[in-house]
Amino acid sequence: MEALDAIMTRRNVRKYKKRQIPDAALAEILKAGTYAPSALALQPWAFIVIQDQEFLTRVSDYCKPIMIAHMKDAHDGMSDAFRAMLESPGYSIYYHAPTVIMIVGKTASRFREIDSSLCAENMMLAAHALGIGSCWIGSTEVAYENRELMAGFRIPEGYSPVGTIVFGYPAELPEVHDKHPAKVKWVR
């Protein structure tokens, strides 16, 4: 798959097959992440690969009521739809994907969030090129303050969570939709 094709056709996947991703494919995805640019080439990231579905269910069950409470005053169409999903029985913030990867960054690194986000995009594009779906999951953030729950992620000393991404074989492919045109201001 050509780079521009991967960029233009990658979509967030929210329905996954139960089939686990082979370790070799996960190694390629992680390797692609390490090829992302980073400030001074310091690569301030590390990865935690989680495939323990019981643990992921525990994290999801902790996050859902907090997310619902945070959204109590939001009543636009998107918020109402997300709240309905969060309230539905059996819903997982991880969409029951077989693998979740938490990207963590060196806490002392000033650019850890930017660098780790660049790394994440490389990983999602690599996954797409391999026929594997992905979706960035922002909802995990509400668990970051829960020390007991976060201990289950086994984050290395000196690192802090940046984000989680789900990976798996798509059970359905989202429709490709038009994007808004770029808002560009030229300074020449």
request  = Report, as yes or no, whether the 6.0 Å neighbourhood of atom CD on Q53 holds more than 12 heavy atoms from other residues, nucleotides or ligands.
outcome  = yes
Next item on the list: Give a yes or no answer on whether the side chain of S79 reaches the backbone of H75 with a donor-acceptor pair at less than 3.5 Å.
Entry: no
| query | Is D23 atom CG crowded by more than 12 heavy atoms from other residues, nucleotides or ligands, each under 6.0 Å away? | reply | no
| query | Transitively linked via ILVMFWY side-chain contacts under 4.5 Å: V49 with F153? | reply | no
One should read off an interatomic distance between I50 CD1 and T164 OG1, to the nearest 0.5 angstrom, of 7.5 Å
| field | Joint cluster assignment, Y62 & I68, ILVMFWY side-chain distance < 4.5 Å | value | yes
dist W45:CH2 -> I103:CD1 (nearest 0.5 Å) comes out at 9.0 Å
| W136 and M85: same hydrophobic cluster, using ILVMFWY side-chain contacts below 4.5 Å? | no
Review point. Do the side chain of E172 and the main chain of K15 share a donor and acceptor less than 3.5 angstrom apart?
Key: no
Short side-chain to backbone donor-acceptor contact, S60 and I93, under 3.5 Å
yes
Note to self: Is there a continuous path of hydrophobic side-chain contacts, each under 4.5 Å between heavy atoms, that joins L86 to L149?
What the structure shows: yes
Value for OG (S160) from CE (M150), rounded to nearest 0.5 Å, stands at 9.0 Å
Check your understanding: Are the side chain of T99 and the backbone of Q51 linked by a donor-acceptor contact shorter than 3.5 Å?
Key -> no
* Asked: Between the side chain of R11 and the main-chain N/O of M8, is any donor-acceptor distance below 3.5 Å?
  -> yes
Salt bridge R112-D115, side-chain N to carboxylate O under 4.0 Å | no
Would a 4.5 Å heavy-atom cut-off, applied to side chains only, mark R14 and P174 as touching? no
One should read off an interatomic distance between M123 CE and I165 CD1, to the nearest 0.5 angstrom, of 5.0 Å
Using salt bridge (Lys or Arg N to Asp or Glu O under 4.0 Å), reason through R83 and D80 one step at a time and then give a plain yes or no. CA-CA 5 Å; R83 187 174 26 261; D80 291 336; 2.5 Å; yes
message = Quick one about Y94 and T140 (side-chain donor to acceptor, distance below 3.5 Å, no hydrogens or angles considered), yes or no?
response = yes
Residues L26, I132; criterion side-chain contact (heavy atoms from CB on, under 4.5 Å); working and verdict = CA-CA 10 Å; L26 286 171; I132 296 167; over 6 Å; no
Checklist entry - Is any side-chain heavy atom of R10 less than 4.5 Å from a side-chain heavy atom of N12? => result yes
Between T107 and Y159 the two heavy atoms that sit nearest each other are OG1-C, 3.2 Å
Worksheet item: Would a distance-only check, ignoring hydrogens and angles, find a side-chain to backbone donor-acceptor pair under 3.5 Å from K106 to L42?
Response: no
d(T9 OG1, E2 CD) to nearest 0.5 Å is 11.5 Å
| Does the side chain of S38 reach to within under 4.5 Å of the side chain of C119, using non-hydrogen atoms? | no
All heavy atoms of F111 vs all of A39, minimum pair found to be CD1-CB, 3.6 Å
In terms of heavy-atom contacts, G131 and Y169 come closest through O-CD2, 3.7 Å
Within a strict 4.5 Å, meaning less than it, do heavy atoms of the V100 and V59 side chains meet? no
OG (S134) and CD1 (I29) are apart, to the nearest 0.5 Å, by 8.0 Å
Taking every heavy atom of M102 against every heavy atom of Y144, the minimum-distance pair comes out as CE-CE2, 4.2 Å
- Decide yes or no on side-chain contact (heavy atoms from CB on, under 4.5 Å) for Y95 and I137, but give the supporting numbers first. CA-CA 10 Å; Y95 303 112; I137 305 298; 3.6 Å; yes
All heavy atoms of P156 vs all of I48, minimum pair found to be CD-CD1, 4.1 Å
Subject >> Hydrophobic cluster identity match, V166 and V104, side-chain contacts under 4.5 Å >> reply: yes
Minimal heavy-atom distance between M67 and F82, with the atoms involved, is CE-CE2, 3.8 Å
